[in-house]
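These numbers come from a predicted model, not from an experiment.
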Amino acid sequence: MADATTVPRASRARSWWGWGWADDHADDAECTAMGALLPGTLSRPLPVPRVADLRIGRPAVDPPRSLAHLVTADPEARAAHAMGKAYRDVIRALRGRPGRVPDLVARPECDQDVADLLEWAGGHAVAVIPYGGGSSVTGGVEYRGDAHRAVLSLDLTMMDRVLEIDTESRAARIQAGALGPALEDQLRSHALTLRHFPQSFEFSTLGGWLATRAGGHYATVHTHIDDFVQSLRVVAPAGAGTSWRLPASGAGPSPDRLFLGSEGALGVITEAWMRLQERPRHKASAPVSFADFPAALRAVRAIAQSGLAPANCRLLDPGEAALSGAARDGSSVLVLGFESAALPVDTDLAQALDLARAHGGVSGAPSTGSGDGAVGAWRSAFLRMPYLRDGLARMGAVAETFETATTWDRLPALIDAVRDEVGAAARAATGHPATINCRLTHVYPDGAAPYFTVLAAGRPGDEVAVWDHLKDVATDVLHRHHATITHHHAVGRDHRPGYDRQRPEPFALALRAAKTALDPHGILNPGVLVD
């Protein structure tokens, strides 16, 4: 086995209030231009918020001397850890209402530090919110309520090393605080990759991916981080444990499955053995346009059920295609891509294109890279979209996304219902029409994951209430159509009502019992998953 070293930390500044890098945000002129496209927005953008303008009081507790070197009460650090990066988080920051700011931020450097911090917190009624990159869009990294004396944000990003690499088994032991780029940089010299690339890749950690069951690069087969887990190490108030490294096992319920998706409510994931892959050497992609969206859905279903397993199979409806620049003629666009470390993929792409053409698709020229034309336009827009959302938020607009998954037989009716009902609710709430776009991000033989973009005018000063109402309407639509409350963005606090309705009550009973056993003082991420 080989060892890997820590890569240098980036000096570029993250935005404390919005998505990504502070220097990548839209300027005032770009915000104003975007706002002009939506009726009912502000005439000028809200100012970029400053931490100095927030009312951040003295911490309600002080750490013991033995842990003081791990903990800070710096206002900038506390503000940056107060919320995630959902629309409602961004607009609250812009309006100077971030909610309860953590009293302290801790940055442990090893498992023992985590255990010591949990022991102290449990004895002093301090809520502990595990924190990776802070990219949560479901309220997963903030504290709501007043049941605890104080709040500690447990930032794991100091634990960011690839500790071991087993090239024979193609696996690596990786600390949970490793951000996506640092993780991949440490694997690169071994010609290996985890190959998990969510949209938040730059700003999220391995532990965050595991704790939220994040979706990633692959549109088929390896769609979630779950598929790459070999074993987990978890530190809980009740103790620490590591599951065995195994390629597969039928030995009872899986311990890893208990903590995958648990969002830090049952224990803190500190490291994991992850399955790796060789880096792809063969790539091929092409766009396919459709004049008819239902026909495009049928084409995607045929490809998903063909066994070809494209790495990328994302269908953009006409609104999403226009928004990304992939097409502006009212067409829907299917972005198809294949990749392999071992064999050419041109034949696979050709077969998938034949299936698309059989359903009325018109294919564009294939590419052997990341794609240009429609494919490249979609990829660029995909990476830029969160920054543009923050710019629209500065104009008082409602600009947010939500995703789900359902079976093919329910999918068309679900998409129509979301467009109609969320659109009607937005018009009623704001007095202006809304844009509801849809794309498929992941596809399976038995169903697909539609991802909706909502663009609407807000009500100045009341934007959070508008979005909360639209979220309630969307949650009701998903429930009636038996679509999951989330396919890959986790439950957090925003999705709790939908999750409570979706899960069977006996399972909820077992989950509450696990919470009580592992976290007897109820300090870990209170309000997430269970009460």
Side-chain angles (χ1 to χ4, degrees), residues 14-19 46 49-63 67 70-108 117-118 120-157 208 211-212 237 263-265 268 393 461-465 467-468 471 490-497 515 519 521-531:
R14 289 276 302 274
S15 172
W16 75 267
W17 63 273
W19 183 263
L46 294 168
R50 303 186 310 160
V51 173
D53 294 332
L54 302 178
R55 295 181 179 179
I56 300 179
R58 188 186 181 283
V61 293
D62 293 314
L67 298 175
L70 301 173
V71 177
T72 181
D74 174 69
E76 293 269 354
R78 293 167 64 189
H81 288 74
M83 301 177 296
K85 303 302 182 186
Y87 168 82
R88 71 189 317 275
D89 303 328
V90 171
I91 200 69
R92 284 187 296 160
L94 288 167
R95 292 293 186 183
R97 300 192 292 264
R100 183 162 177 177
V101 175
D103 296 85
L104 301 168
V105 176
R107 292 185 173 90
L117 286 160
L118 294 182
W120 167 73
H124 291 80
V126 176
V128 178
I129 313 296
Y131 188 99
S135 62
S136 170
V137 292
T138 61
V141 295
E142 67 176 276
Y143 181 86
R144 297 179 190 172
D146 56 8
H148 293 78
R149 178 184 174 194
V151 179
L152 172 76
S153 180
L154 188 69
D155 185 324
L156 297 175
T157 53
T212 61
E263 300 187 57
V268 180
D462 205 22
E463 297 91 350
V464 171
W467 176 244
D468 286 347
K471 176 68 84 173
V491 174
R493 291 164 178 82
D494 296 343
H495 288 157
R496 262 298 299 277
K515 171 73 171 175
D519 180 21
H521 296 292
I523 61 169
L524 280 175
N525 219 356
V528 167
L529 297 183
V530 292
D531 295 322

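With sequence neighbours excluded, the residues forming a salt bridge (Lys or Arg N to Asp or Glu O under 4.0 Å) with K515 are D519, listed by chain and number. Partners of H124 by ring pair (Phe, Tyr, Trp, His ring centres under 6.0 Å), not counting sequence neighbours, listed by chain and number: W120. Judged as a side-chain hydrogen bond (donor to acceptor under 3.5 Å, both in side chains), and not counting sequence neighbours, the contacts of R144 are E142, D494.
Between the E263 side chain and the L529 main chain, no donor and acceptor come within less than 3.5 Å of each other. No side-chain donor-acceptor contact under 3.5 Å links H521 to the backbone of V126. When atom types are taken as modelled, the side chain of R493 and the backbone of G527 share no donor-acceptor pair closer than 3.5 angstrom.
Between P75 and I56, the shortest heavy-atom distance links the atoms O-CD1, 3.7 Å. Nearest approach of P108 to L70, heavy atoms of both residues: CA-CD2, 4.3 Å. Considering every non-hydrogen atom in both A393 and L46, the closest pair reads O-CD1, 4.0 Å. Across all non-hydrogen atoms, the minimal contact from A77 to V105 is O-CG2, 3.7 Å. Residues L524 and G264 come closest through the heavy atom pair CB-O, 3.3 Å. Scanning both residues, W16 and P49, for their nearest heavy atoms gives NE1-O, 3.5 Å.
Between the CG atom in L104 and the OG1 atom in T72 there is a gap of 8.0 Å [rounded to 0.5 Å]. Residue D146 holds its CG atom at 10.5 Å from NE2 of H148, rounded to the nearest 0.5 Å.
Looking at heavy atoms from C-beta onward, R88 lies out of side-chain contact with V90 at the 4.5 angstrom threshold. The shortest side-chain heavy-atom distance between Y143 and P526 falls under the 4.5 Å cut-off.
Within the structure, salt bridge (charged side-chain N to carboxylate O under 4.0 Å, His left out) pairs that include any residue of residues 74-87 do not occur (at least two apart or interchain).
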Steps toward side chain to side chain contact (heavy atoms under 4.5 Å, CB included) verdict (N525, V128): CA-CA 6 Å; N525 219 356; V128 178; over 6 Å; no
Residues E463, R92; criterion salt bridge (Lys or Arg N to Asp or Glu O under 4.0 Å); working and verdict: CA-CA 9 Å; E463 297 91 350; R92 284 187 296 160; over 6 Å; no
Sequence neighbours excluded and cut-off under 3.5 Å, please list the side-chain donor-acceptor pairs for residues 129-137, or say none.
from	atom 1	to	atom 2	distance (Å)
Y131	OH	A80	O	3.2
S136	OG	T138	N	3.3
S136	OG	G140	N	3.0

Validation: residues 149-156 side-chain donor-acceptor distances under 3.5 Å, sequence neighbours left out:
from	atom 1	to	atom 2	distance (Å)
D155	OD1	T157	N	2.9
D155	OD1	T157	OG1	2.5
D155	OD2	H81	NE2	2.7

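The local environment of CG in D53 is crowded, with over 12 non-hydrogen atoms from other residues, nucleotides or ligands closer than 6.0 Å.
Between D468 and K471, no side-chain nitrogen of the basic residue sits less than 4.0 Å from a carboxylate oxygen of the acidic one, so the salt-bridge criterion is not met.
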